[in-house]
Amino acid sequence: MRPLNAVVAACPPSGIRRFFDIAAEMDGVISLGVGEPDFVTPWRIREAGIYALEHGYTTYTSNAGLPRLRQLICADLAVRYDVQYSADSECLITTGVSEGLDLALRVLLNPGDEVIVAEPCYVAYEPCVAFAGGVPIRVPTRWEDGFAIDPTLVEAAITPRTTAILIGSPANPTGAVQPRAVLEALVTLAERHDLYLISDEIYDRLTYDGTHTCLGALPGAHERTVLLGGFSKAYAMTGWRVGWICAPRAVAELCVRVHQYTMLCAPHISQLAAVEALSGGDADVAEMVADYDRRRRVFVKGLRELGLDCPEPGGAFYAFPSIRRSGLDSETFAERLLYTERVAVVPGSVFGPSGEGHVRCSYATALPLLEEALERIGRFLGSL
Amino acid sequence: MRQILELLERDAQLSHDTIATMTGLPVAEVAAQVQAWEAAGVIRRYKAVIDWEAADEAAQGPEDITAFIDVSVAPARTVGFDDVAERISRFVEVRSVYLVSGGHDLRCTVTGHSIRSVSDFVSQKLSTIDRVQATATHFVLKTYKRDGDAFLASEPDHRLPVTP
């Protein structure tokens with residue numbers, strides 16, 4: 001047979017997959033390995049989805065997505081972050097941030113262009129850069145710095161081929177929130193070297209200490225920022241697959257062009273449910289965020305009491321404790337913890353080399369289970 | 001501080017320790033505050049939320065009967081409806097009493113072991129109170145939700161055990 005695409009074939013499968021396969025076979029597992037909310041979509045949103053289905057909204061929408069939804073997204077960004085995007089020409093609805101990221105990279109990159117990625121980072125960033133013909137360039141971050149990006153390291157990594165810097169804040173897997181000063185420094189770098197900024201802000205509403213800084217709202221950032229957001233995390237809508245891109249007109253136009261040929265449109269029913277999510281007020285989001293925050297405090301304190309250094313996660317729903325004192329590498333730690341105590345965590349190494357020595361624990365899990373998991377992890381540490 | 005009450009209202013079994021961690025307050029402060037609320041009657045007592053229909057089925061026990069009773073009362077000078085409402089509230093059979101707008105004045109919840117015992121209570125005790133002019137009794141046939149707790153089958157967790 002003829003060889004398959006070399007870039008795709010060279011991309012290793014996600015390290016998360018292996019743990020899924022093991023955990024799925026076992027009984028009595030407490031999973032802290034889940035990258036999605038443990039809430040079900042709020043009923044008012046589900047009800048809107050049911051209504052949409054009953055009334056036959058089962059067709060395509062325009063490529064860019066329902067105008068009403070784009071208007072609501074732009075209005076919401078204007079209110080929360082004081083940033084202006086045109087619903088007509090600078091916003092499109094995607095099937096989740098996953099598609100948004102893919103579109104942004106395809107539109108921004110020419111073959112061989114480099115994208116600077118601060119790691120540890122979400123597992124899809126580097127493969128998506130490669131699939132778009134680009135070359136991911138890693139910049140490490142350290143837990144001693146709270147996983148804040150060091151702009152001098154970013155600048156040192158810039159070459160004539162550098163096209164964009166890709167940032168996720170609040171971050172999966174670290175829960176880190178990039179300080180405003182860091183984001184401002186990255187904007188300055190982008191201006192100086194004429195780079196684009198791709199900002200994955202899917203966790204923007206899930207911050208616990210202070211408010212979220214929207215990258216696109218920073219001075220000088222708007223014209224070179226591709227802002228990615230969605231409904232999955234804040235509204236517990238992961239399975240609906242609906243997100244959005246806000247970007248300067250020229251970029252947004254080309255994103256729509258790729259989207260119209262590859263995806264056509266995001267699911268109509270999901271878009272209508274998202275309209276309800278944004279137009280129905282924030283009470284349920286606030287309640288879920290308050291609940292994550294309470295569990296975050298209990299879980300992080302518990303990890304620290306077990307002797308695991310854990311940087312304070314300021315956002316998302318992940319803790320990323322250091323497991324160095326166990327003497328094990330993160331993969332062995334996660335595997336042994338799963339086999340002996342039936343607690344599933346994700347080894348930090350799957351998120352990049354700087355994730356080694358850590359494991360990702362999702363606290364989007366019921367409080368009694370978190371407490372039980374802490375007990376089991378303590379027993380595991382004691383057995384080493 | 002209000003946050004502590006909201007937490008306890010949702011889960012009265014939370015320890016002071018856990019509440020302190022969740023709110024970022026010192027444990028001693030949480031304990032002192034809860035004690036003060038208990039003493040002042042802000043926190044009346046702690047109790048479980050029970051789905052009696054499920055419980056009776058499981059324990060094969062007798063089903064309690066609940067009825068909403070709308071009561072029309074002739075108001076009196078200086079006290080309005082208060083004295084009648086207080087008299088009604090004192091009966092152990094009465095679970096709740098509200099002054100409401102609309103066609104009647106008071107809405108009460110009454111429980112008993114049988115339809116007979118509830119209707120006897122209404123006709124012999126409630127209706128005979130001075131200035132009670134009329135009552136309308138609505139027996140509860142099935143409880144779907146009470147005080148924010150929906151008695152529905154819990155939704156299974158459909159998430160995969162490990163996801164990105």
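Quick note on labels: first sequence line is chain A, next is B, and so on, each numbered from 1. The figures that follow rest on heavy atoms only: side chains count, while hydrogens, waters and symmetry mates do not.
- Note on A:Val40, A:Val300, A:Val123: by heavy-atom pairs under 4.5 Å with chain B, the leading option is A:Val40.
- With a threshold of 4.5 angstrom between heavy atoms, A:Ala364 approaches chain B through its backbone and through its side chain.
- Between A:Tyr125 and A:Tyr122, the angle of the ring planes goes over 60°, which puts this pair in the perpendicular group of the 30/60° scheme.
- For a residue to count as touching a neighbouring chain, one of its non-hydrogen atoms must lie under 4.5 Å from one of that chain's; by this rule A:Leu32 does not touch chain B.
- Applying the salt bridge (Lys or Arg N to Asp or Glu O under 4.0 Å) rule to A:Glu312 yields the partners A:Arg296, A:Arg304; only residues at least two apart in sequence or on another chain are considered.
- Remark: B:Arg10 does not engage B:Glu6 in a salt bridge, criterion side-chain N to carboxylate O under 4.0 Å.
- Between A:Asp291 and A:Arg294 there is a salt bridge, since a side-chain N of the basic residue sits under 4.0 Å from a carboxylate O of the acidic one.
- For A:Val34, the parts lying near chain B are the backbone and the side chain together; criterion is any non-hydrogen pair under 4.5 Å.
- Proximity of B:Ile69 to B:Leu126: side-chain heavy atoms (C-beta onward) are separated by under 4.5 Å at one or more points.
- For the set A:Ser362, A:Gly33, A:Ala290, the count of heavy-atom pairs under 4.5 angstrom toward chain B peaks at A:Gly33.
- Proximity to chain B (any heavy atom under 4.5 Å) is restricted, for A:Val346, to the side chain, taken from C-beta onward.
- Put simply, the side chain of B:Phe68 reaches to within 4.5 Å of the side chain of B:Val140, judged on heavy atoms.
- In this structure, the portion of B:Leu7 lying under 4.5 Å from any heavy atom of chain A is its side chain and not its backbone.
- Ranked by heavy-atom pairs shorter than 4.5 Å toward chain B, the options A:Arg295, A:Arg17, A:Arg360 are led by A:Arg360.
- Looking at A:Ala344, the atoms closer than 4.5 Å to chain B (heavy atoms on both sides) all sit in the side chain, from C-beta outward.
- Ring-plane geometry between A:Tyr363 and A:Phe299 is classed as tilted, the angle between the planes lying from 30 to 60 degrees on a 0 to 90 degree scale.
- For chain B, no part of A:Asp293 is nearby; none of its heavy atoms comes within less than 4.5 Å.
- Relative ring orientation between A:Tyr292 and A:Phe39 is described as perpendicular, the plane-to-plane angle rising above 60° on a 0-90° scale split at 30° and 60°.
- Proximity to chain B (any heavy atom under 4.5 Å) is shown, for A:Pro173, by neither the backbone nor the side chain.
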